[in-house]
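One structure is given here, and the rest of the page talks about it.
We name chains A, B, ... by the order of the sequence lines, and we start the count at 1 in each one.
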Amino acid sequence: MIDLTLVRENPDLYQTACRIKNIKLDIKKFLALDEERRTLMTDVQKMQTERNAVSKKVPTLKGVEKEATIKEMKALGEKLKKAEESLATIDRDWMSQQLQLPSIALKTVPIGKDDMENVELRKWGTLPSFAFDPKDHVTLGEMLDIIDIPRGVKIAGSRSYFLKGDGARLELAVLQFTIDSLVKKGFTLFTPPLMANYAAMMGTSYFPGGEEQAYAVGVDRTPEMGLSEKDAKQIESDKHYLIGTSEVSVASYHSGETFKAAELPKRYAGFSNCFRREAGTYGKDARGLYRIHQFQKVEQVILCEADPDVSAKLHAEILQNAEDILQALKLPYRIVAVCTGDMGRGQVYKNDIETWMPSRKGYGETHSCSTFYDFQARRLGIKYETATGEKKFVHTLNNTCIASPRILIPILEIYQNKDGTVTVPEVLRMYMGGQEKIEVPKGM
RNA sequence: GGUGGGAUGGCCGAGUUGGUCUAUGGCGCCCGACUUGAAAUCGGGUAAACCCCAUAAGGGUUUCGUGGGUUCGAAUCCCACUCCCACCGCCA
């Protein structure tokens, strides 16, 4: 959400922001509506003022005068009701447009229309070379009996999978390693609600706009369940959404709260399953574990004071935390600056980390590091009180620290051996009982 | 799932025959007085969002769980919903 006085004062700036972020919103029209809304609001308030004043006088009046006043007020009441109704109509339109307003990207953000125009900033690591014909993670997973996609599809439909045996253990190992690393750095770990209400989805700026990517719980089940109207209504009001990232729950954790400046920054780590419908991606990344409906992620969430220097520093910090994990795993990666068209309404700056995936013969996105300034905080109502007593909205940031099974793609593919086994990355062995290799299970 | 109780300002809590309620009172917090300093005491002040206005001074509206209704007027009456607490039942 944007401070509207800024939009009123700088309409061109926001129109440009819409254009470069691919948001279809006519700022001039929005401001005209905003003007209309305020005019009407003033009218309504004037009528309310009169009603309040006269109503207060009524008990002191008697007889004819009282009758006349009440009659007069009745007429005013009808006029007021009509005005309030048209205000409510305008309000809805105004609100939905207001939620479209983008934040202003930093000057350093490359201008571009989609991920093709993201800019590589730097690379780390040496790309693997194989003295044999390397297999992709799907083949490796089948041969080692650690990934079972066909049975996942049988149970839950396309883009579903089972991790099995050492595959499941490897996932837990990499997650636990990441969690330990963040905890050592002073992060507070959360296992948050996996279901969130509309306010949390809206507050973190996934809604409106991202509804089709979220699984809704307790909605539209009336026909199949044969519910009574009353029960159906109850379920409708029960509506929750499966989170696509723990950012939704963890960033909303302090919604409506006000901190003392000294309590900031908050360094939070959310560990959760994540659910994504992946609507509109039919056929894209169809093979393997790259794009699936359910995964596990350790996410960093930061709340800090509203100072661009402070949030820039923390952005670098949480980016580095993710790089530390990849470096410990010895996985080559690159950092890109995400361009305006690929960065979303609320972010002012965003980096992706892309990890080398041999089967893709390229880097694939594994992390996403965003700075929002006060965009989310305004929607969530998270403030802090400065030393001078001023109340301001906090800045929020977040970054993936690890997401699995996507990270298993480079691990399996880079650590594979000629004989089809996979070496367990050194730092993960202690989480797998010291195991050094994943081999074909006995009896296969 | 059943029965009962409840939701009021940062916290506790009064107000429910609709109108001097401008939401009593207390606690906490802030400022001041007294004091060498502190405590105690005394005095004053203590919500948010939004609108008008010159980014002043000032004025106004809304908010007593949420939404709707009745009324000239609603914390107070009516309807629906949400959430919390207690006990019973069921349950990983």
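Taking the charged nitrogens against the carboxylate oxygens, A:Arg37 and A:Asp93 have no contact shorter than 4.0 Å, which rules out a salt bridge. Using a 4.0 Å cut-off between charged nitrogen and carboxylate oxygen, A:Lys81 and A:Glu78 do not count as a salt-bridge pair. Using a cutoff of 4.0 Å between basic side-chain nitrogens and carboxylate oxygens, A:Arg169 and A:Asp166 are scored as salt-bridged. A salt bridge is absent between A:Glu278 and A:Arg276: the closest approach of a Lys/Arg side-chain nitrogen to an acidic carboxylate oxygen does not fall below 4.0 angstrom. No salt bridge links A:Lys350 with A:Asp342; every basic N to acidic carboxylate O contact stays at or beyond 4.0 Å. With salt bridges taken as basic N to acidic carboxylate O contacts below 4.0 Å, none links A:Lys184 and A:Asp180.
A cation-pi contact links A:Arg406 to A:Tyr290, judged by a cut-off of 6.0 Å to the six-membered ring centre and 45° from its axis.
Using atom C1' as the reference point in both B:rU70 and B:rU76, the two lie 14 Å apart (nearest Å). Spacing between B:rC77 and B:rC12 at atom P, rounded to whole Å, works out to 23 Å. Comparing the C1' positions of B:rG13 and B:rA23 gives a spacing of 12 Å, expressed to the nearest Å. Comparing the same atom, P, in B:rU41 and in B:rC27 gives a spacing of 9 Å after rounding to whole Å. Separation of the C1' atoms belonging to B:rA75 and B:rC64 is 5 Å when rounded to the nearest angstrom. Taking atom P on both nucleotides, B:rG45 is separated from B:rC50 by 26 Å, rounded to a whole Å. Rounded to whole Å, the separation between the P atoms of B:rG15 and B:rG69 comes to 29 Å. A distance of about 13 Å separates the P atoms of B:rC11 and B:rA48, rounded to the whole Å.
The stretch residues 31-57 of chain A touches RNA chain B through A:Arg38, A:Met41, A:Thr42, A:Gln45, A:Gln48, A:Thr49, A:Arg51, A:Asn52, A:Ser55, each having a heavy atom under 4.0 angstrom from the strand. Sorted by residue number, the members of residues 66-89 of chain A with any non-hydrogen atom under 4.0 Å from RNA chain B read A:Ile70, A:Met73, A:Lys74.
Atom CD in A:Glu385 sits roughly 14 Å away from atom C1' in B:rA48 (whole-Å rounding). One can place CG of A:Leu4 at 13 Å from C1' of B:rA49, the figure rounded to the nearest angstrom. The nearest whole Å value for the distance from the NZ atom in A:Lys391 to the P atom in B:rC50 is 13 Å. If you measure from atom CE of A:Met95 to atom C1' of B:rC50, you get 11 Å, rounded to the nearest angstrom. A straight line from CZ of A:Phe393 to P of B:rA48 spans 12 Å, rounded to a whole angstrom.
Within 4.0 Å of A:Arg378, counting heavy atoms only, lies no atom of the nucleic acid at all.
Stem regions for RNA chain B, each three or more consecutive Watson-Crick or G-U pairs with both distances under 3.5 Å and listed by first number, read B:1-7 with B:82-88, B:10-12 with B:25-27, B:28-33 with B:41-46, B:47-52 with B:58-63, B:65-69 with B:77-81.
In this structure, A:His395 has its ring center no closer than 6.0 Å to that of A:Tyr384. For A:Tyr241 and A:Phe207, the gap between ring centers is short of 6.0 Å.
A:Tyr349 and A:Ala337 make their closest contact through OH-CB, 4.2 Å (heavy atoms, listed as atom of the first residue, atom of the second, distance).
Relative orientation of the A:Trp94 and A:Phe30 rings is parallel, given thresholds of 30° and 60° on the angle between their planes. In this pair, A:Tyr215 and A:Phe275 present their aromatic rings perpendicular. The plane angle is above 60°, beyond the 30 to 60° band.
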